[in-house]
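Report on the following structure.
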Amino acid sequence: MFIKHSRLDRFILALNSTFLILAVLMVILPLIYVVIASLMDPSVLLSQGLSFKISDWSLQGYQKILSNPAMIRGFGNAVFYASAFAILTVLVSICAGYALSDDRLRGKGIFMTLFIITMFFGGGLVPTYLLVKNLGLLNTVWAVIIPGAVNVWNIILSRTFFKGVPNELREAANVDGASEARIFLRIVLPLSKPIIFVLALYAFVGQWNSYFDAMIYLDNPNLHPLQLVLRSILIQNQVDPSMISDQLAMAEMKKLSEIIKYAAIVVSSLPLLIMYPFFQKYFEKGVMVGSLK
Amino acid sequence: MLAPALILTLIFKYGPMYGAIIAFKDFSPIKGIMGSEWVGFYNFEKFLSSPNFTVIFMNTLKLSLFGLILGFPVPILLALMLNQVRRAGVKKNIQLLLYAPNFISVVVVVGMLFIFLSPTGPINQLFNLFTDEPIMFMSRPEYFRWIYILSDIWTGAGWASIIYVAALANVDPELHNAANLDGANLLQRIRHIDLPTIRPIMAIVFILAAGGIMSIGFEKAYLLQTTTNLPAAEIIPTYVYKIGLQSGDYAYSSAVGLFNSVINVIMLLTVNFIVKKLNEGEGLY
């Protein structure tokens, strides 16, 4: 760097650092607050707020939330929905993207248009719901997994990726007598690990964090994913009475339900937040490839 | 190989588009979509002439318009600021922290808002230093939009800055050196070197955001609604859900949804046209 900073420049840079620090604090302070609050003794939290004395801490919130059957079931369901959804999305997108990246495909333009229209125009909530209902998918896990599995963005993403795979590779294999299926499975797929990984991560996180489809399609509480369970705890204030013994007075219940909320937030968000730094570069890659159109 | 995607698209994307014709019918579940009577634009007229229309339409428009105005510049500012951080390691760590809220679900974000903004929550405890009256953030309509938009920025701005950060990383440092030798200060260099670099991306992001101006998400608005903040919080998507799936007025609800989609497409095309004019022919299409 040969840049010489004037006094004005140095002042601006100092200001810049200050604002960045403020931005970071604004982002992480609420999260730190939740984590500490979740570890508090409920009565201390209610009477004096956060305390940094270890003696004021307790694991009651976590004990309650981790022994709640709805929460456990929700967690399991969420893992299943997110994994199944990710697998299906990746399969569908990769296959379509590969086909569309091949110049020999006839009617490519028409297919592309067909897909792209759906990015900008949709039938709407009620017609979609009626369709899912008429197909008999209501109250089945398929309602959450299938309708959203085809996503134009993902198809474009994988098409862009496959366009980057040198054509000579396919041609060479073709000359060697490999069938199309063989070329795809043995040559193209092993090269596609990055795009498979990116798509799977996006799909998994998206499904893990969503509640809407499950809310409209699934009545049966046994099928509810984590986010719906969280919704009833955090927003509808329905702390399951079985979590708190009936003997306890109302005041005690109120205290506990506060701490249960904090613990629920931590338990449900922590897995993703812990995983994400390891996958950060893949997420970024996804954004980048997507921006290339 | 195209077949799975094609079949799913035809069923789950084009199926509902076909199903949307119930908006023009007096839909009866017994007679089905084909059997129901045609009623033309009756359902649309019903919505446009209902007293709810202006309120809900304006709520939707205001929420996304203000969201766009307040939210669009933040990622750009963050990226320009991050770009000045010279130590790569420090920059990476700041980014890591700024992106984190993007991975927190809407349900949890809204849950946190309810806790933080409750009359006895931490924000009110802070305000208690100045006033005794707790502020009823969640139940008053006048706060709804602020809560929605600011929490959106909290969740997404860091993540949205990635794309600008990447573009800025491609700026040739020689340009900055040359400008520096010519006596340009930091702000001048940002304005004349950094900003023009990211302008095409700004245009695309803006078109996409403005095109979705009426398609503001259902998920968060619905969770943030309380019985008393509805005058500001009821937007078209939540209204469509309530009259359609909760009250079962399928045809009317579809008409409202369709009306919304059409406005969206018109917005997208209009904004794209305007940006193209302003941006030397660089639009999305």
Side-chain angles (χ1 to χ4, degrees), chain A residues 2-4 6 8-9 12-13 16 19-20 23-24 26-28 30 33-34 49 91-92 95-96 98-100 111 114-115 118 120-131 147 149-150 155 205 209 211-212 216 227 230-231 234-235 261 265 268-269 272-273 276-277 280 284 287-288 291, chain B residues 1-2 4-6 8-9 12-13 15-20 22 78 81-82 84-85 94 96-101 103-108 110-112 114-116 122 125 154 158 162-163 166 173 176-177 180 185-187 201 218-219 223 240-241 244-245 250 253-254 257-258 261 265 268:
Chain A
F2 313 107
I3 289 180
K4 281 199 292 279
S6 65
L8 176 67
D9 286 3
I12 296 168
L13 282 175
N16 188 54
F19 280 129
L20 267 183
V24 169
M26 269 162 64
V27 163
I28 59 169
Y33 184 97
V34 171
L91 276 177
V92 171
C95 288
Y98 180 66
L100 287 169
F111 292 132
L114 209 62
F115 285 125
T118 67
F120 301 112
F121 199 78
L125 172 68
V126 169
T128 311
Y129 174 83
L130 287 177
L131 178 80
V150 54
I155 295 178
V205 172
N209 281 339
Y211 76 94
F212 181 63
I216 60 173
Q227 299 300 329
L230 284 174
R231 170 170 164 256
L234 294 176
I235 293 160
K261 286 184 188 176
I265 292 178
S268 64
S269 305
L272 280 191
L273 286 181
Y276 127 81
Q280 189 190 5
E284 287 182 5
V287 175
M288 293 310 143
S291 69
Chain B
M1 287 183 76
L2 206 52
L6 215 52
L8 284 175
T9 303
F12 290 106
K13 302 283 196 234
M17 284 190 213
Y18 164 74
I22 66 170
L78 278 178
M81 280 158 61
L82 278 165
Q84 295 304 324
V85 180
I94 297 179
L96 196 70
L97 293 171
L98 288 180
Y99 298 167
F103 293 89
I104 298 174
S105 72
V106 213
V107 176
V108 167
V110 174
M112 280 166 64
F114 270 103
I115 296 178
F116 285 150
Q125 279 170 16
W154 182 80
I162 292 184
I163 189 152
H176 278 282
N177 289 337
N180 188 244
N185 67 32
L186 184 59
L187 283 184
I201 296 173
F218 167 96
E219 300 217 335
L223 293 174
V240 166
Y241 170 71
L245 297 191
Y250 290 152
S253 169
S254 301
L258 206 56
S261 300
V265 175
L268 187 73

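A, B, ... follow the sequence lines: proteins, then strands. Residue 1 opens every chain. All values below come from the heavy atoms of this structure, side chains included, with hydrogens, waters and symmetry mates left out.
Contacts between Q280(A) and chain B at a heavy-atom distance below 4.5 Å involve the side chain alone, from C-beta outward. Looking at F114(B), the atoms closer than 4.5 Å to chain A (heavy atoms on both sides) all sit in the side chain, from C-beta outward. Both the backbone and the side chain of L230(A) come within contact range of chain B, each with at least one heavy atom under 4.5 Å from a heavy atom of that chain. Heavy atoms closer than 4.5 Å to chain A are found in both the backbone and the side chain of L6(B). Of the two parts of F212(A), the backbone and the side chain both hold a non-hydrogen atom closer than 4.5 Å to a non-hydrogen atom of chain B. Contact annotation for Y276(A): only side-chain heavy atoms (C-beta onward) come within less than 4.5 Å of a heavy atom of chain B. The part of Y98(A) that comes within reach of chain B is its side chain, from C-beta onward, which places non-hydrogen atoms under 4.5 angstrom from that chain. Residue contact with chain B, scored on non-hydrogen atoms closer than 4.5 Å, involves the side chain of I28(A) exclusively. At a 4.5 Å heavy-atom cutoff, the contact between L258(B) and chain A is made by side-chain atoms alone. Contacts between I155(A) and chain B at a heavy-atom distance below 4.5 Å involve the side chain alone, from C-beta outward. The contact between F19(A) and chain B is made by backbone and side chain atoms together, counting heavy-atom distances below 4.5 Å. Heavy atoms closer than 4.5 Å to chain B are found in the side chain of S268(A), but not in its backbone. For L223(B), the parts sitting under 4.5 Å from any heavy atom of chain A are the backbone and the side chain alike. Proximity to chain B (any heavy atom under 4.5 Å) is shown, for V24(A), by both the backbone and the side chain.
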message = Under the criterion side-chain contact (heavy atoms from CB on, under 4.5 Å), I'd like the reasoning laid out for I265(A) against I115(B): C-alpha separation, chi angles, the key distance, then a yes or no.
response = CA-CA 11 Å; I265(A) 292 178; I115(B) 296 178; 4.1 Å; yes
request  = Output, in order, the C-alpha distance, side-chain angles, deciding distance and verdict of side-chain contact (heavy atoms from CB on, under 4.5 Å) for F116(B) and V34(A).
outcome  = CA-CA 10 Å; F116(B) 285 150; V34(A) 171; 3.8 Å; yes
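Counting heavy-atom pairs closer than 4.5 Å to chain B, the top-ranked of the candidates L100(A), L114(A), V205(A) is L114(A). Interface check for chain B: of the options I235(A), V92(A), T128(A), the most heavy-atom pairs under 4.5 Å are formed by I235(A). With chain A as the partner, the residue from G158(B), A100(B), P4(B) showing the most heavy-atom pairs under 4.5 Å is A100(B). Chain A forms more heavy-atom pairs under 4.5 Å with one residue of V108(B), V106(B), I94(B) than with any other, namely V108(B). Ranked by heavy-atom pairs under 4.5 Å with chain B, the first of I12(A), L8(A), L20(A), L234(A) is L20(A). Ranking P122(B), G244(B), A166(B) against chain A, the residue ahead of the rest is P122(B), based on heavy-atom pairs under 4.5 Å. Heavy-atom pairs under 4.5 Å with chain A were tallied for L96(B), I162(B), L82(B), L8(B); the largest tally goes to L96(B). Here C95(A) is the residue among G124(A), C95(A), P277(A) with the most heavy-atom pairs under 4.5 Å with chain B.
Considering CG of L13(A) and CG of L186(B), their distance stands at 5.0 Å, rounded to 0.5 Å. Taking OG of S105(B) as the start and CG of L272(A) as the end, the distance is 8.5 Å to the nearest 0.5 Å.
For the pair F12(B) and L131(A), the tightest heavy-atom approach, listed with the atom from each and the gap, is CD2-CD2, 3.9 Å.
Using modelled atom types, no side-chain atom of N185(B) and backbone atom of D9(A) make a donor-acceptor pair closer than 3.5 Å. With Y129(A) contributing its side chain and Y250(B) its backbone, the two residues share no donor-acceptor pair below 3.5 Å.
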